[in-house]
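None of the values given here were measured: they were computed from a predicted structure. The chains referred to below are lettered A, B, ... by the order of the sequence lines, with proteins before strands, and numbering in each begins at 1.
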Amino acid sequence: MSLILYNTLTRAKEPFTPADPARVTMYVCGPTVYNYAHIGNARPAVVFDVLFRLLSARYPKVIYARNFTDVDDKINAAAKAQNVPIKTITDKFKAIYQADTGALGVMPPTLEPCATDHIPQMIAMIETLLKGGYAYEAESHVLFNVPSFPAYGRLSGRDRDDMIAGARVEVAPYKKDPADFVLWKPSTPDLPGWDSPWGRGRPGWHIECSAMIEAHLGATIDIHCGGHDLTFPHHENEIAQGTCAHGGATYARVWMHNGFLTMDKEKMSKSLGNLFTIHELLEKAPGEALRWAILSAHYRQPLEWSDETIAQAKTTLDRAYRALEQVADITAIPNVAPTAVIAALEDDLNTPKAMAEVAAIVKALNQATATADKARLKGQLVAAGNLLGVLQQQPAAWFGAAKDSSGVDAAEVERLIAARLAARKAKDFKEADRIRDMIAALGVTIEDRADGTKWRVTE
RNA sequence: GGCCGAGUGGCAGAGUGGCCAUGCAGCGGAUUGCAAAUCCGUGUACGUCGGUUCGAUUCCGGCCUCGGCCUCCA
């Protein structure tokens with residue numbers, strides 16, 4: 001089977017063939033680290049983590065880089081407000097981002113380069129662009145001259161007339177062309193800056209990604225990913241810089257863009273304020289449930305986010321873990337994920353379809369009576385879960401975590417369960433039911449099973 | 001204004017020219033002392049108006065509505 005990916009550049013699904021199957025390269029635009037990331041920011045991290053897993057299963061070596069933008073006006077503002085160096089801010093939120101995405105089951109990328117570690121590479125790339133006549137210096141700025149790159153606009157599907165007609169930004173007087181963008185800009189003494197041939201300054205946002213890609217992945221990469229809102233201008237500018245700096249070499253062969261999380265149909269965003277941070281959601285729900293919720297829609301579609309979305313994901317995972325709990329003592333036959341799950345993911349990361357297949361395995365597992373069937377299905381379920389980054393915990397750990405975070409007094413519950421058991425043995429069902437009502441009042445649901453009474457926190 | 005995307009049952013959300021998504025919720029049944037869990041069954045659907053077709057939710061066109069980008073933005 002071949003892997004099919006939707007390429008924004010061609011607006012079509014295409015079979016994916018790496019330039020070098022022995023070294024597959026992918027890059028995802030990571031966060032600007034000045035604040036807590038919201039759950040919408042988590043979508044590319046989670047979605048392209050699935051892509052990373054899928055590629056890693058197919059190719060011997062996948063190099064996945066996801067950057068940190070650690071120099072930026074917003075970071076400067078935050079540092080100034082707290083009167084600390086920017087590194088204090090960026091170190092803190094880098095760690096938080098890594099911890100938060102880790103809690104969502106996101107595997108660490110192969111590389112997580114930081115912009116500030118690549119200033120010399122950025123300067124070198126800018127010099128190359130200047131030499132080639134693609135950029136110019138003006139009033140201590142260096143700007144990329146967009147008319148020097150005729151293919152500009154191809155990724156986002158807009159021509160120059162569109163861009164000029166739609167321009168909502170006042171054009172700086174030193175720009176030769178309204179569409180020109182900053183590669184390097186001057187810093188004032190109170191702001192972070194680096195010495196350069198054009199004076200003390202700092203890089204523009206777009207050059208960061210291009211320089212880090214060049215440094216770690218090469219002139220041409222296989223897959224470049226990011227949120228839909230980065231298509232223009234960020235990715236368009238990256239293509240312009242990268243292509244011109246490399247003698248016309250293709251910058252990225254495939255471009256993938258994820259859609260947004262929405263609330264009441266509107267984009268979740270900082271400017272609208274309609275957001276939940278990953279950090280606060282993790283206090284209310286397991287990271288795995290948040291991940292399941294994020295993957296429950298196709299990555300290019302919008303996903304309507306609410307407490308209900310999370311609750312449904314949690315309940316669905318409960319069901320899967322309950323099925324696994326029933327076969328906890330059975331050794332899974334080591335197994336590859338079922339063909340149907342792989343086929344769904346290989347069709348442009350159709351995670352909802354893959355999850356429907358997972359649901360089918362859960363049902364089959366619940367129906368199964370023969371041990372051999374259970375072992376086989378358990379292996380399928382865990383292997384499928386591994387591709388999606390879910391169902392890798394021990395069921396006891398999954399349910400145990402829910403108990404731990406609920407604040408329920410486990411000893412008290414156990415005591416009541418024992419009392420109820422005694423009443424049931426005495427056939428005093430009225431008393432048994434009374435005790436169960438007491439247990440229910442604690443927010444606990446109990447299940448009488450062949451192997452004893454189990455309890456869990458009521459949904 | 002330009003460019004782009006979307007409208008599916010109570011909710012989330014796949015998909016397809018003719019038959020089933022799936023999960024959550026609901027309803028009925030089995031099971032259970034009663035529950036819970038599980039299994040079985042079940043209802044509710046494809047914005048609107050036309051066109052193509054033996055047949056369209058699925059293809060084509062108009063209309064309506066919503067959203068995204070055009071500025072930092074996942």
request  = Hunt down the Watson-Crick or G-U wobble partner of C27(B), both distances under 3.5 Å, from any strand shown, or write none.
outcome  = G41(B)
key: Distance, C1' atom - from U53(B) to C59(B), rounded to whole angstrom   = 10 Å
message = Donor-acceptor check, side chain of Gln301(A) to backbone of His298(A), threshold 3.5 angstrom: yes or no?
response = no
Value in whole Å for how far the C1' atom of A12(B) lies from CG of Leu317(A) = 14 Å
key: Closest-nucleotide ordering on RNA chain B, the 5'-leading residue of Glu304(A) and Asp229(A)   = Glu304(A)
query = Counting side-chain heavy atoms from CB outward, which of C39(B), A14(B), G68(B) is closest to Asn366(A)?
reply = C39(B)
inquiry  = Measure CD1/Ile417(A) against C1'/A36(B) and give the value in whole Å, please.
reply    = 12 Å
remark   = Regarding the side chain of Glu308(A), the nearest nucleotide among G23(B), A74(B), C11(B) is C11(B)
inquiry  = Under 3.5 Å for both donor-acceptor distances, Watson-Crick or wobble: does C46(B) have a partner, and if so which one?
reply    = none
key: Donor-acceptor pair under 3.5 Å, Arg436(A) side chain vs C34(B) base   = yes
remark   = Whichever of Arg11(A) and Lys265(A) has the more 5' nearest nucleotide on RNA chain B, that residue is Arg11(A)
message = Between Arg322(A) and C39(B), is there a contact of a side-chain N or O with OP1 or OP2 at under 4.0 Å?
response = no
key: Interatomic distance at C1', A56(B) relative to U38(B), whole Å   = 39 Å
ask   = Arg424(A) near the nucleic acid: base, sugar-phosphate alone, or nothing, with a heavy-atom cut-off under 4.0 Å?
value = base
request  = Pick base, sugar-phosphate or nothing for His234(A), based on heavy-atom distances below 4.0 Å to the nucleic acid.
outcome  = nothing
query = For the side chain of Arg291(A) and the backbone of Gly105(A), is there at least one donor-acceptor N/O pair under 3.5 Å apart?
reply = yes
task = Establish whether the base of C72(B) is bridged to the side chain of Lys74(A) by a donor-acceptor pair shorter than 3.5 Å.
result = yes
ask   = Under 4.0 angstrom, heavy atoms only, what part of the nucleic acid is Pro31(A) near: base, sugar-phosphate, or nothing?
value = nothing
ask   = Taking any strand in view, what nucleotide pairs with C20(B) in a Watson-Crick or G-U wobble way, both distances under 3.5 Å?
value = none
ask   = If you look at every strand shown and take non-hydrogen atoms under 4.0 Å, does Ser269(A) touch a base, only sugar-phosphate, or nothing?
value = nothing
Complementary nucleotide of A56(B), counting Watson-Crick and G-U pairs under 3.5 Å = none
note = To the nearest angstrom, the CD-C1' distance between Glu357(A) and G13(B) comes to 15 Å
query = Whole-Å distance between A14(B) P and Ile294(A) CD1?
reply = 14 Å
task = Look at Asp428(A) together with Arg434(A) and state whether they make a salt bridge at an N to O cut-off of under 4.0 Å.
result = no
ask   = Would you say a side-chain N or O of Lys267(A) is under 4.0 Å from OP1 or OP2 of C69(B)?
value = yes
ask   = When we call it a touch if two heavy atoms are under 4.0 Å apart, what does Gly226(A) touch: a base, just sugar-phosphate, or nothing?
value = sugar-phosphate
ask   = Does C40(B) have OP1 or OP2 sitting under 4.0 Å from an N or O in the side chain of Lys363(A)?
value = yes
key: Spacing between Glu447(A) atom CD and A36(B) atom P, to the nearest angstrom   = 10 Å
ask   = Picking from A37(B), A74(B), C11(B), which would you name as closest to the side chain of Asn258(A)?
value = A74(B)
query = Does Gln312(A) use its side chain to pair, donor to acceptor, with the backbone of Ile310(A) at less than 3.5 Å?
reply = no
key: N-O pairing of Arg322(A) and Asp318(A) below 4.0 Å   = no
query = Which nucleotide in the list C70(B), A74(B), C11(B) gets nearest to the side chain of Gln312(A)?
reply = C11(B)
ask   = Under the 3.5 angstrom rule, does the side chain of Glu236(A) hit a backbone N or O of Gly153(A) as a donor-acceptor pair?
value = yes
query = What's the closest nucleotide to the Phe260(A) side chain, out of C24(B), A74(B), G33(B)?
reply = A74(B)
key: Nearest-Å distance once atom P is located in both G41(B) and C46(B)   = 25 Å
key: Pairwise C1' distance for G17(B) and C70(B), with rounding to whole Å   = 38 Å
key: Under 4.0 angstrom between Gln301(A) side-chain N/O and G67(B) OP1 or OP2   = no
request  = Give a yes or no answer on whether the side chain of Ser405(A) reaches the backbone of Ala402(A) with a donor-acceptor pair at less than 3.5 Å.
outcome  = yes
query = When rounded to the nearest Å, what value does the distance between C1' atoms of A45(B) and U22(B) take?
reply = 15 Å
task = Take atom P in G15(B) and the same atom in C69(B), then report the distance between them in whole Å.
result = 24 Å
message = I need the CG-P distance between Asp433(A) and C34(B), as an integer number of Å.
response = 10 Å
ask   = Touch check for Ser296(A), heavy atoms < 4.0 angstrom, all strands: base, sugar-phosphate only, or nothing?
value = sugar-phosphate
ask   = Among C34(B), A74(B), A14(B), which nucleotide sits nearest the side chain of Lys353(A)?
value = A14(B)
request  = Check the pair Arg424(A) / Asp448(A) against salt bridge (charged side-chain N to carboxylate O under 4.0 Å, His left out), numbers first and verdict last.
outcome  = CA-CA 11 Å; Arg424(A) 291 179 72 213; Asp448(A) 293 329; 3.4 Å; yes
Which nucleotide in A14(B), G33(B), C72(B) has an atom nearest any side-chain atom of Arg420(A) = G33(B)
ask   = Which base, if any, makes a Watson-Crick or G-U wobble pair with G5(B), both distances under 3.5 Å?
value = C66(B)
inquiry  = Donor-acceptor pair, distance only, cut-off 3.5 Å: does the side chain of Arg43(A) make one with the backbone of Phe260(A)?
reply    = yes
query = Of the candidate nucleotides A14(B), C69(B), A25(B), which contains the atom at the shortest distance from the side chain of Thr315(A)?
reply = A25(B)
Distance between C1' atoms of C27(B) and G10(B) (Å, rounded) = 13 Å
message = Whole angstroms only, please: what is the CG-C1' distance between Asp448(A) and A37(B)?
response = 10 Å
Euclidean distance, atom CD1 of residue Ile446(A) to atom C1' of G33(B) [Å, nearest integer] = 13 Å
inquiry  = For a quick test of reading the model: is some side-chain N or O of Arg300(A) closer than 4.0 Å to OP1 or OP2 of A6(B)?
reply    = no
inquiry  = Applying a 4.0 Å non-hydrogen cut-off, can you work out what Gly30(A) is touching in the nucleic acid: base, sugar-phosphate, or nothing?
reply    = nothing
key: Interatomic distance at P, A21(B) relative to G68(B), whole Å   = 31 Å
task = From the options Asp348(A), Asn258(A), Thr8(A), select the one residue that forms a side chain to side chain donor-acceptor pair (under 3.5 Å) with Arg300(A).
result = Asp348(A)
message = Can you tell me which nucleotide in C70(B), G13(B), G23(B) comes closest to the side chain of Phe232(A)?
response = C70(B)
ask   = With a non-hydrogen cut-off below 4.0 angstrom, is Leu303(A) in contact with a base, only sugar-phosphate, or nothing?
value = sugar-phosphate
